[in-house]
Protein chains: 2
Amino acid sequence: MRLSSMADYAVVTMSAAARHCGMVRVSAAQLAQETGLPVPTVQKLVSLLTAAGLLRSSRGTGGGLKLARPAAAISLADIVEAVEGPIALTSCVDNGKHDCALEGSCTVRPHWGVVNAAMRGALADVPLTRLAETAA
Amino acid sequence: MRLSSMADYAVVTMSAAARHCGMVRVSAAQLAQETGLPVPTVQKLVSLLTAAGLLRSSRGTGGGLKLARPAAAISLADIVEAVEGPIALTSCVDNGKHDCALEGSCTVRPHWGVVNAAMRGALADVPLTRLAETAA
DNA sequence: CCTAAATCAGACTGATTCGTTCTGATTTGG
DNA sequence: CCAAATCAGAACGAATCAGTCTGATTTAGG
């Protein structure tokens with residue numbers, strides 16, 4: 001039930017990137033300085049976030065990052081899924097993986113889907129714009 | 001964002017134990033047979049669940065387990081917390097641990113509390129009685 | 001056109017945690 | 001008093017995670 005550190009850092013990094021909303025070019029090193037995270041860690045994070053389609057990267061001298069979508073269209077769920085993969089509390093709800101010995105006779109399985117949806121909904125309800133606000 | 005296997009197994013085990021609601025004595029080996037889990041694993045689980053106050057154990061010949069409380073008074077959140085510890089997505093919301101470099105200037109921290117409460121609420125809304133129902 | 005600097009992208013290593021198994025201490029019934 | 005059956009705790013191996021490093025690609029300037 002605990003979020004991985006990388007996912008936590010990813011949220012902080014995206015939040016920092018959102019503050020440069022109009023800025024087309026923000027280097028990973030600059031984000032590392034603002035967030036206080038190690039530079040290599042931020043580099044790995046931006047790679048994952050870019051691969052997930054949340055950031056757009058420009059290489060070469062003077063290159064950098066920018067948000068692929070408006071900050072309002074990016075939620076906590078998007079960021080978490082980009083780093084940790086699909087949100088699935090148990091292997092049952094992942095994508096129909098049938099590696100459980102109980103299978104059909106399991107009475108708890110149908111309820112996991114409901115709980116899982118509630119979890120995802122709680123994360124999807126928080127847009128990146130709210131996280132970037134300086135004042136609570 | 002994934003539940004540990006032990007927590008998953010604990011839910012199944014508790015669900016199996018709840019079906020023997022009136023039975024005062026249910027051995028761990030019997031629960032293992034009903035759930036299809038390895039016997040040593042179930043033994044470790046019942047140790048944790050007993051320590052958390054969800055099960056009451058009787059030792060000696062003919063001993064066994066029984067629910068410490070009515071099944072309606074046990075929720076998913078209780079079981080998960082018994083195995084995985086307190087529900088806290090990030091270290092910030094655990095118990096005021098101040099190991100984050102950002103500390104006061106972190107804009108995302110106040111929102112974690114809200115999300116965390118939503119998560120816990122989703123788990124607390126599912127009582128053990130519903131999980132033990134044979135038909136969905 | 002070429003050189004050089006700066007960037008992202010992928011691969012590797014060490015450590016921590018998780019899952020499993022095993023052995024021992026305790027208790028009750030005969 | 002003896003013996004069987006149970007729970008409780010400790011030890012081992014495996015897998016995942018966090019962090020670091022080196023290399024490939026691209027752009028700006030000379």
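First the proteins, then the strands, lettered A, B, ... as listed; each starts at 1.
- Among the nucleotides D:dC7, C:dA9, C:dT20, the one closest to the side chain of B:T41 is C:dT20.
- Per the geometry, CG belonging to A:L48 stands 9 Å off P belonging to C:dG10, to the nearest Å.
- Look at B:S57 and you'll find a side-chain N or O under 4.0 angstrom from OP1 or OP2 of D:dA8.
- Going from atom CG of B:L49 over to atom P of D:dC7 covers 12 Å, rounded to whole Å.
- A distance of 9.5 Å separates CZ in A:R19 from CG in A:L128, rounded to the nearest 0.5 Å.
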Every protein N/O lying under 3.5 Å from an N/O of nucleotides 16-19 of chain C:
from: C:dG19; atom 1: OP1; to: B:S5; atom 2: N; distance (Å): 2.5
from: C:dG19; atom 1: OP1; to: B:S5; atom 2: OG; distance (Å): 3.4

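- Looking at heavy atoms from C-beta onward, B:V46 lies out of side-chain contact with B:S57 at the 4.5 angstrom threshold.
- Put simply, the side chain of A:H111 gets close to the backbone of B:R130: a donor and an acceptor are under 3.5 Å apart.
- A straight line from CG of A:L45 to C1' of C:dA9 spans 14 Å, rounded to a whole angstrom.
- The nearest whole Å value for the distance from the CG atom in A:D8 to the P atom in D:dC17 is 15 Å.
- Going from atom CG of A:L65 over to atom P of C:dA9 covers 8 Å, rounded to whole Å.
- Between A:E81 and A:R120, at least one side-chain N (NZ, or NE/NH1/NH2) sits under 4.0 Å from a carboxylate O, which counts as a salt bridge.
- Judged purely by atom type and a 3.5 angstrom limit, B:R2 uses its side chain to pair as donor or acceptor with the backbone of A:A88.
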Next on the checklist: What verdict does the side chain to side chain donor-acceptor pair (under 3.5 Å) test give for A:D78 and A:S75, after you've listed the backbone C-alpha separation in whole Å, the side-chain angles of each residue and the deciding distance to 0.1 Å?
Outcome noted: CA-CA 5 Å; A:D78 295 325; A:S75 70; 3.3 Å; yes
List every contact pair, protein side and nucleotides 12-16 of chain D side both N or O, where the distance is under 3.5 Å.
none

What are the atom names and distances for every N/O pair under 3.5 Å that joins the protein to nucleotides 27-30 of chain D?
from: D:dT27; atom 1: O2; to: A:T61; atom 2: OG1; distance (Å): 3.2

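- Within the 4.5 Å cutoff, the side chain of A:E133 has no heavy atoms near those of the B:T107 side chain.
- Between the side chain of B:S27 and the backbone N or O of B:G64, no donor-acceptor pair lies under 3.5 Å.
- Spacing between atom CD of A:Q30 and atom P of C:dA6 amounts to 15 Å, rounded to whole angstrom units.
- Closest approach to the A:Q43 side chain among D:dT20, C:dC22, D:dT22 is made by D:dT22 (side chain taken as heavy atoms from C-beta onward).
- The side chain of A:S47 sits closest to C:dA9 out of D:dC7, C:dT21, C:dA9.
- B:H20 places none of its side-chain heavy atoms less than 4.5 Å from the side chain of B:L67.
- With hydrogens and angles ignored, the 3.5 Å screen pairs a side-chain donor or acceptor of B:E84 with a backbone N or O of B:S4.
- B:A29 comes within contact range of no nucleotide atom at all, as no heavy-atom separation falls under 4.0 Å.
- Side-chain contact check for B:V11 versus B:V83: every heavy-atom pair is 4.5 Å or farther apart.
- Protein atom CZ of A:R56 is 15 Å distant from nucleotide atom P of C:dC8, rounded to whole Å.
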Next on the checklist: Walk me through whether B:V26 and B:K66 qualify under side-chain contact (heavy atoms from CB on, under 4.5 Å).
Outcome noted: CA-CA 7 Å; B:V26 180; B:K66 73 163 185 148; over 6 Å; no
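- The CG atom of A:L37 sits 12 Å away from the C1' atom of D:dA18 (whole-angstrom rounding).
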